[in-house]
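A short write-up of the structure that comes next.
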Amino acid sequence: MVLGGLLLLALLLGGALVAGYLLVDIPPANAAATAQSNVYLYADGSQLARDGEVNRVNVPLSQIPLGVQEAVLAAEDRDFYSERAVDPKAMIRAAWNTATGKGTQSGSTITQQYVKNYYLGQEQTIKRKVKEFFIAIKLGREKSKDYILEGYLNTSYFGRNAYGIQAASQAYYGKDVGKLTTAEGAYLATLLNSPSAFDVVSHPQSRDRAVARWNYVLDGMVKKKWMTAAERAAVAFPEPGKVRTAAGLSGQRGYLVEAVKDYISENKILDDKTLAEGGYRITTTIDKRRQGAFVEAVQKEMVDKLDPAARPEDRLVRAGGVSIDPATGKVVALYGGIDYTKQYVNNATRHDYQVASTFKPFVFASAVQNDSRTQDGRRITPNTLYNGDNKRRVVGTRIPYNPENEGQQSYGNITVNTATDLSVNAVFAQMVVDVGTEKVKRTAIDLGIPENTPNFVVGPAMALGTMQASVLDMTQAYATLADHGRHTPYTFLEKISKDGENLTLPDRTPRQAVSREAADTTTSMLVSVVDNGTGTEALAAGHPAAGKTGTAELDRSAWFAAYTPDLVTVVSIMGQDPDTGTLQSLYGALGETRVGGGGYPARIWAAYTKEALQATDPVDFDLELQPGAAQPPPPPPVQPSFPQQPEGSRPPWQRPDRPTPPGPPTPPNGGQTNGGQTNGGQTTGGETTGGQTTGGQTNGGQTTGGETTGGQTTGGETTGGQTTGGQTTGGETTGDQTTGGATQGGTTPGRRRPPAEFLE
């Protein structure tokens, strides 16, 4: 019975194969062989862009260098000339790997891929796969291998709107296919795997993956003996040329179309090749009026002030921005650069600049979310005291770390709220360790930062924004804070259809990423940044706002991330050499000694937000704060100390042509230093009595104007700490140390808090 059953199954299977072979004919070429354009629309239905006509030039196989042919075979089907038209084992293996979660894989031979490209389509259906199977068998019996390979090379999509190897050769290397080197052919073969993602010019963040795939292709050629090991060792990666865009994609249109295409591909709505077939009507979420307002704000606040002829540094200036409705997750505006036909890399979606201090709110949000405490057991709230001294060693971690504050300023014991206003690195480097670096990374991911963000490495330095998230990613994360901790995945799409049929869009059900208390308490501190701290330029928007400034290492980028209750916008100014593409510092650009997040980015934000919300009344934030987060009485003004700048350090905040204004008069009983009183630690006449401290650890008892020697404190009481003329002799502390306290002569005349834009 078993044998009979197996024989019956074999007969049925054989009969099905014979029937399929007889019933399925080789059809005429499909529409993909003469692909259509896609139409992109604003949210109101008006046309945004059309992605151009098809770029295709067929060439005979004899014009394609043998090394280029072999590179394609090494990438896609190394046994093409010896195998059958279909490979059932490979198909079963690919299906199994896909089903078991090892990623979507193709078991198709080049013959099958050619059938899909030329006769069928890119849709992933069983019906299409069955047709592909039988057409490939027939084609393999009726046509030569050279015929099939030629057809495959002329119909494959390589990105940059290039169909076929000739169009690709021109798009990437500006030459005819007959002049391609083997290394260049290997890179074009690499693109077949993922045309948009592996374009190292448009997507520099994918460079490592693209180069790895290119190496895989060349190594395959060595294995097949199409290239010697010596020839392989001598090959260098062939850098492709700049993107040459269609005139119809000039201005912001090209950036918007590119961002929408990436969203469609990354969310697996359509793959690159299917979308490239064209015929799709794509309605975006882009608000035409707000998009225009964003462009106008950048033009007025930044571009009009560039003068490359007088200031060579102005050639380096780039800008990127994204605006999201936090309630819906819709991207309503995007600024990618001055012009897509001139600056082809989208500054709104690139991943090669540090986010700097705009990461700090995620550290505090994680502290509230995880009910975190300081090293000595105090709950972290906006009113928690931390030591803000420059180069203070972070405790509680095995990783040695003592970060510089901007301008090397020391603040003594200050609250978290004040540290956020002034963006004090020492405080947040300690806080990220107190919370736990893994917990902070988890919170950032929950807020909307992709887990695979470049340089997203756990450690104390992460608090200062060393990761390289895009402007779009940061806008997503801040939108979660703005919506009381509720995360709604962003989208560029209202609708996408073809031939009147709508495609299914990704599920974007909101979820509570962090508690409302965590998000709202963070917002309350960011409101203070705008009202009292480094983000005061945002007040010009005329709407209540919460925000954070950031200036990256070596001043290569400056950020302002901020939101009103109903609109979230992030703006970044970046430095990049227009010729080499290398990241550059912005020192001296736009006529400024330093370009900080509280300057040009905040002014662009304010100008855009004012116009974007001009039809709505200002709305106050509705916040639910963590216990203990209510604001205490305003503290006295912080008077930071400024050590002498070492020779060769980054430029100080004072401009050389701007005189330093005199400081406030010295109050009686000594000027108040570094945050003022420490629960009783008050100095009268230079002698300290009742010097009790609460919380925080301070090393060295250092004050502006002098050093401390002697004056030992045990159990919180100080004896012998004599102060003369602002110089304290003594001050070594055992137990809880005090930095701050009022010291006679402690205020340094002629030094005041620096301008907001230079406090990063």
Side-chain angles (χ1 to χ4, degrees), residues 285 287 290 294 321-334 348 355 357-369 382 420 443-449 469-491 508-531 533 535 538-539 541-550 559-572 597 601-602 604-606 608-610 612-613 616-626 629:
T285 58
D287 183 311
R290 287 178 171 177
F294 214 146
V322 174
S323 190
I324 288 179
D325 178 348
T328 63
K330 294 178 180 179
V331 178
V332 297
L334 178 147
V355 301
S357 293
T358 57
F359 186 86
K360 288 174 180 173
F362 306 159
V363 179
F364 179 77
S366 188
V368 180
Q369 177 71 12
T420 307
T443 297
I445 292 169
D446 289 341
L447 290 172
I449 300 299
S470 69
V471 175
L472 176 59
D473 295 336
M474 294 301 289
T475 313
Q476 169 77 92
Y478 272 74
T480 303
L481 293 176
D483 200 26
H484 310 291
R486 192 180 71 146
H487 174 76
T488 303
Y490 75 83
T491 183
R508 297 191 309 109
T509 303
R511 59 174 174 80
Q512 197 69 30
V514 297
S515 68
R516 176 162 185 166
E517 282 185 357
D520 286 3
T521 308
T522 303
T523 296
S524 72
M525 293 206 306
L526 299 184
V527 169
S528 181
V529 171
V530 172
D531 290 345
L539 294 172
H543 289 258
K548 185 72 189 75
T549 55
W559 297 67
F560 189 63
Y563 49 93
T564 68
D566 45 18
L567 188 64
V568 182
T569 306
V570 177
V571 179
S572 179
I604 291 169
W605 184 94
Y608 162 71
T609 301
K610 182 177 182 179
L613 298 179
T616 63
D617 293 327
V619 178
D620 286 324
F621 289 99
D622 177 21
L623 304 178
E624 296 179 7
L625 307 184
Q626 72 173 142

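The structure presented is a predicted model; accordingly, all values stated were derived computationally and were not measured. Only this structure's heavy atoms are used, side chains among them; waters, hydrogens and symmetry mates stay out.
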- Excluding sequence neighbours, so at least two apart, what forms side-chain hydrogen bond (donor to acceptor under 3.5 Å, both in side chains) with T488? none
- Query: Taking only residues two or more places apart in sequence, or in another chain, which ones meet R508 in a salt bridge (Lys or Arg N to Asp or Glu O under 4.0 Å)?
  - Reply: none
- Mind running side-chain contact (heavy atoms from CB on, under 4.5 Å) on T285 and Y490 for me, showing each step along the way? CA-CA 10 Å; T285 58; Y490 75 83; over 6 Å; no
- Is there a donor-acceptor contact under 3.5 Å from the side chain of Q476 to the main chain of L447? no
- Query: Any idea which heavy atoms bring F359 and A444 closest together, and the distance?
  - Reply: CE1-CB, 4.0 Å
- Message: Return the NE2 to CZ distance between H487 and R511, rounded to the nearest 0.5 Å.
- Response: 4.5 Å
- Pairing residues for A606 by the side-chain contact (heavy atoms from CB on, under 4.5 Å) criterion, not counting sequence neighbours: A540, A541
- Task: State, yes or no, whether a side-chain contact exists between V322 and V570 at a heavy-atom distance under 4.5 Å.
- Result: no
- Task: Given side-chain contact (heavy atoms from CB on, under 4.5 Å), test L567 with T616 step by step and report yes or no.
- Result: CA-CA 11 Å; L567 188 64; T616 63; over 6 Å; no
- Of all heavy-atom pairs between F560 and G597, which one has the smallest distance, and what is that distance? CB-O, 3.6 Å
- Item | Closest approach of Q512 to H484 (non-hydrogen atoms, all atoms of both residues) | NE2-O, 2.9 Å
- Mind checking side-chain hydrogen bond (donor to acceptor under 3.5 Å, both in side chains) for T523 and listing every partner two or more places apart, or none if nothing turns up? Y563
- Which atom pair, heavy atoms only, marks the closest approach of H543 to T564? CB-CG2, 4.0 Å
- Task: Look up atom CG in L623 and atom OG in S524, then write down how far apart they are to the nearest 0.5 Å.
- Result: 6.5 Å
- Item | Nearest heavy atoms of A333 and F294, plus distance in Å | CB-CD1, 3.8 Å
- Check step by step if side-chain hydrogen bond (donor to acceptor under 3.5 Å, both in side chains) holds for T569 and Y608. CA-CA 9 Å; T569 306; Y608 162 71; 4.6 Å; no
- Got a sec, which residues hit side-chain hydrogen bond (donor to acceptor under 3.5 Å, both in side chains) with D531, two or more places apart in sequence or on another chain? none
- Query: Under the side-chain hydrogen bond (donor to acceptor under 3.5 Å, both in side chains) test, which residues partner T521, sequence neighbours left out?
  - Reply: none
- Message: List the residues meeting salt bridge (Lys or Arg N to Asp or Glu O under 4.0 Å) with D325, not counting sequence neighbours, and say none if there are none.
- Response: none
- Counterpart residues, side-chain contact (heavy atoms from CB on, under 4.5 Å), relative to V368 (two or more places apart): F364, A518, Q626
- Query: How would you list, by chain and number, every residue that makes a side-chain contact (heavy atoms from CB on, under 4.5 Å) with A519, sequence neighbours excluded?
  - Reply: L481, V514
- When you look at L613 and R290, which way does the side-chain contact (heavy atoms from CB on, under 4.5 Å) test go after all the steps? CA-CA 9 Å; L613 298 179; R290 287 178 171 177; 3.8 Å; yes
- Message: Restricting to side-chain contact (heavy atoms from CB on, under 4.5 Å), what partner residues turn up for A479, sequence neighbours left out?
- Response: I324, P326, V568
- The side-chain contact (heavy atoms from CB on, under 4.5 Å) partner of V331 among L472, T491, T475 is L472
- Item | Nearest-0.5 Å distance that lies between atom CZ in F362 and atom CE in M474 | 4.0 Å
- So which heavy atom on W559 is nearest to which on A469, and how close? CH2-O, 3.8 Å
- Message: Just so I know, are the side chains of K548 and M525 near enough to count as touching, which here means a heavy-atom distance under 4.5 Å?
- Response: no
- Query: What's the verdict on side-chain contact (heavy atoms from CB on, under 4.5 Å) for V355 and I449, showing C-alpha distance, side-chain angles and the deciding distance?
  - Reply: CA-CA 11 Å; V355 301; I449 300 299; over 6 Å; no
- Query: Sequence neighbours excluded, which residues qualify as salt bridge (Lys or Arg N to Asp or Glu O under 4.0 Å) partners of D620?
  - Reply: none
- Query: Mind checking what makes salt bridge (Lys or Arg N to Asp or Glu O under 4.0 Å) contact with R486, not counting sequence neighbours?
  - Reply: D483
